[in-house]
Every structure is written in C-alpha cells, then in structure tokens.
Amino acid sequence: LVVKSGTLTKVSGTTVYPAGDLIGVTASVSQTNVGTIAGAVRAEGEAIRIERLRLHKSSANLTNASFRVHFWRAAPTLSVGDNGAFNAANVYAVDDVIHHCGYFDVTMDKSGAIGAKGSGIPNSANGITVQPTAGTDIRFTLEALVSSYTPTSNEVFTILIEGFRS
C-alpha cells in the first residue's frame, strides 16, 4: 500500500461555486488548473490502483463542502478556468475524455481550528486504475459537487490517495 499526495491552491477570492464548477488556481483557461500527484507510479508503464481518497482543505467551513476529484492518465486540455462550468450533466469541459479514469466524491465531514477533511470511495465501487501515458505522475481535477460552496481566499486542497502499485 502506498500513500501519495498532491495539492491545489485555489485562486484568491470568495466567489460562490455552483455545482459542477471547476476549482482551479487561476480563472484563466490554463493547464495549471490540473493538479499533479508526482511519482504515483514507480516507473513509466506501471499503474496504480487507487482504493481510497482523503481530501483536506485549509478552511474549516463544512457548509456545502462536497467535491468530486477526477483522475486522468494525462492532463486534459481544459476549456474553462476556476469557477467555470466544468461538468454539465457529465459533459466535461475538456478536449477529450479518453484519459479520464474515474472519480471520487468527497463530503467534508470533520473540521478543526485549522481545516476540514473528508474521504471517499471510487465511483465504480472498486478501485480506479490509473496508468500514466508517460512518466510516473498522475493528474487530477477538482469540481464543486454541491451548489453554493463558499471558499476562503487562496484555499489549499490536499488530495491523498491510497493505493497499490503494479
């Protein structure tokens, strides 16, 4: 079992997110809105089967704090930036879904003086296998799952994956 992580610091501002909107580092259409989990696999050509996901955010706010974390074999080319409509009835704002491997839905259900956390299981009820198209890194995008999530400015999201490598 291996645990790997990646972070994404959302753009400054507290604009409310409708359900399905992308949470990104910039409002511009940019590949920087796609997160990376470096070294998720040991060597090129190998894969990781993600069994569980933990999500931590720097804000303690639990109100409407539900998110969908998508995993990709290669970074998708996005057509929206932060707070743009990323998921409209399962039509994603990307060039091609061929590299989409699946997603985890996470509801933040615990908070403390600093931050909140939640965990999720894969949408397929089994693990999600991700084999990068090149290198050892896997990519992720973050989506607001419930309407009216109000973020804090420069909120930091940390994704921790638990899985087995090939």
Side-chain angles (χ1 to χ4, degrees), residues 2-41 48 50 52-88 92-95 99-120 122-123 128 130 132 134-163:
V2 66
V3 177
K4 300 298 282 183
S5 66
T7 61
L8 185 137
T9 303
K10 72 161 249 33
V11 68
S12 64
T14 57
T15 303
V16 174
Y17 286 91
D21 272 17
L22 181 74
I23 297 173
V25 300
T26 178
S28 301
V29 175
S30 169
Q31 289 308 101
T32 60
N33 288 318
V34 178
T36 299
I37 297 177
V41 300
I48 184 168
I50 306 168
R52 185 169 177 246
L53 177 135
R54 289 178 278 155
L55 181 63
H56 177 270
K57 64 186 190 75
S58 57
S59 162
N61 175 20
L62 293 176
T63 305
N64 297 326
S66 292
F67 307 95
R68 179 167 286 169
V69 183
H70 296 267
F71 287 96
W72 306 84
R73 295 182 60 217
T77 301
L78 302 170
S79 57
V80 298
D82 178 71
N83 225 324
F86 174 75
N87 182 353
Y92 302 140
V94 299
D95 60 336
H99 297 301
H100 187 261
C101 298
Y103 59 83
F104 286 76
D105 288 341
V106 180
T107 298
M108 308 305 260
D109 59 356
K110 295 169 186 62
S111 69
I114 301 173
K117 72 175 207 165
S119 60
N123 66 298
I128 295 173
V130 184
T136 60
D137 302 343
I138 61 174
R139 310 290 188 225
F140 67 88
T141 51
L142 186 60
E143 166 193 348
L145 196 55
V146 176
S147 195
S148 301
Y149 174 66
T150 303
T152 59
S153 191
N154 298 310
E155 192 165 21
V156 178
F157 292 86
T158 303
I159 288 114
L160 292 107
I161 59 170
E162 299 174 10

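Between Ala75 and Val34, the closest heavy-atom pair is CB-CG1, 4.1 Å. Closest non-hydrogen pair, Gly39 versus Asp137, comes out as N-OD1, 2.8 Å.
Panel note: side chain Ser30, backbone Thr32; a donor-acceptor pair is recorded below 3.5 Å. In terms of modelled atom types and a separation under 3.5 Å, the side chain of Gln31 and the main chain of Pro76 share a donor-acceptor contact. The main-chain N or O of Thr26 is found under 3.5 Å from a side-chain atom of Asn33 such that the two form a donor-acceptor pair. A distance-only check finds a donor-acceptor pair linking the side chain of Asp95 to the backbone of Thr77 [under 3.5 Å]. Of the possible polar contacts, one joining the Asn123 side chain to the Tyr103 backbone as a donor-acceptor pair under 3.5 Å is found.
Here the rule is side-chain contact (heavy atoms from CB on, under 4.5 Å) with Asp21, and of Val80, Leu142, Asn83 only Asn83 fits it.
Arg54 and Ser119 form no side-chain donor-acceptor contact under 3.5 Å, judged by distance and modelled atom types alone. The closest side-chain donor-acceptor pair between Ser66 and Thr107 falls under 3.5 angstrom.
Between His100 and Phe71, a ring centre-to-centre spacing not shorter than 6.0 Å is recorded. Close placement of the Phe67 and Tyr149 rings is indicated, their centers lying within 6.0 Å of each other.
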Requested in this report: Please assess Leu78 against Tyr92 for the test side chain to side chain contact (heavy atoms under 4.5 Å, CB included), listing each intermediate value before the final yes or no.
Outcome: CA-CA 9 Å; Leu78 302 170; Tyr92 302 140; over 6 Å; no
Requested in this report: Please assess Val69 against Leu53 for the test side chain to side chain contact (heavy atoms under 4.5 Å, CB included), listing each intermediate value before the final yes or no.
Outcome: CA-CA 9 Å; Val69 183; Leu53 177 135; 4.0 Å; yes
Requested in this report: Mind running side chain to side chain contact (heavy atoms under 4.5 Å, CB included) on Phe140 and Ile159 for me, showing each step along the way?
Outcome: CA-CA 9 Å; Phe140 67 88; Ile159 288 114; 3.1 Å; yes
Query raised in the report: side chain to side chain contact (heavy atoms under 4.5 Å, CB included) between Asn61 and Thr152: does it pass, once the steps are laid out?
Result: CA-CA 9 Å; Asn61 175 20; Thr152 59; 5.8 Å; no
Identify every side-chain donor-acceptor pair in residues 8-20 under 3.5 Å, counting partners at least two apart or on other chains, and give the distances.
residue: Lys10; atom: NZ; partner: Gly13; partner atom: O; Å: 3.2
residue: Tyr17; atom: OH; partner: Asp82; partner atom: OD1; Å: 2.5
residue: Tyr17; atom: OH; partner: Asp82; partner atom: OD2; Å: 3.2

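Distance CG/Leu145 to CG/Asn87: 9.0 Å, rounded to 0.5 Å. A distance of 12.0 Å separates NE2 of His56 from OG of Ser5, quoted to the nearest 0.5 Å. Between Thr158 atom OG1 and Lys117 atom NZ the span is 12.5 Å, to the nearest 0.5 Å. Here Lys4 contributes atom NZ and Ile50 contributes atom CD1; the two are 12.5 Å apart, rounded to the nearest 0.5 Å. Note that OG of Ser148 is 6.0 Å distant from CG of Asn64, once rounded to the nearest 0.5 Å. To the nearest 0.5 angstrom, Thr7 atom OG1 is 15.5 Å from Lys57 atom NZ.
Partners of Arg73 under the salt bridge (Lys or Arg N to Asp or Glu O under 4.0 Å) rule, at least two apart in sequence or in another chain, do not exist in this structure. Under the salt bridge (Lys or Arg N to Asp or Glu O under 4.0 Å) criterion, Asp105 pairs with Arg68, not counting sequence neighbours.
For the pair Leu22/Thr141, a side-chain contact is recorded, criterion being any heavy-atom separation below 4.5 Å from C-beta on. Residues Leu55 and Met108 form a side-chain contact, since some pair of their non-hydrogen atoms from C-beta on lies under 4.5 Å apart. In this structure, the side chains of Ile138 and Ile161 come closer than 4.5 Å at one or more pairs of heavy atoms.
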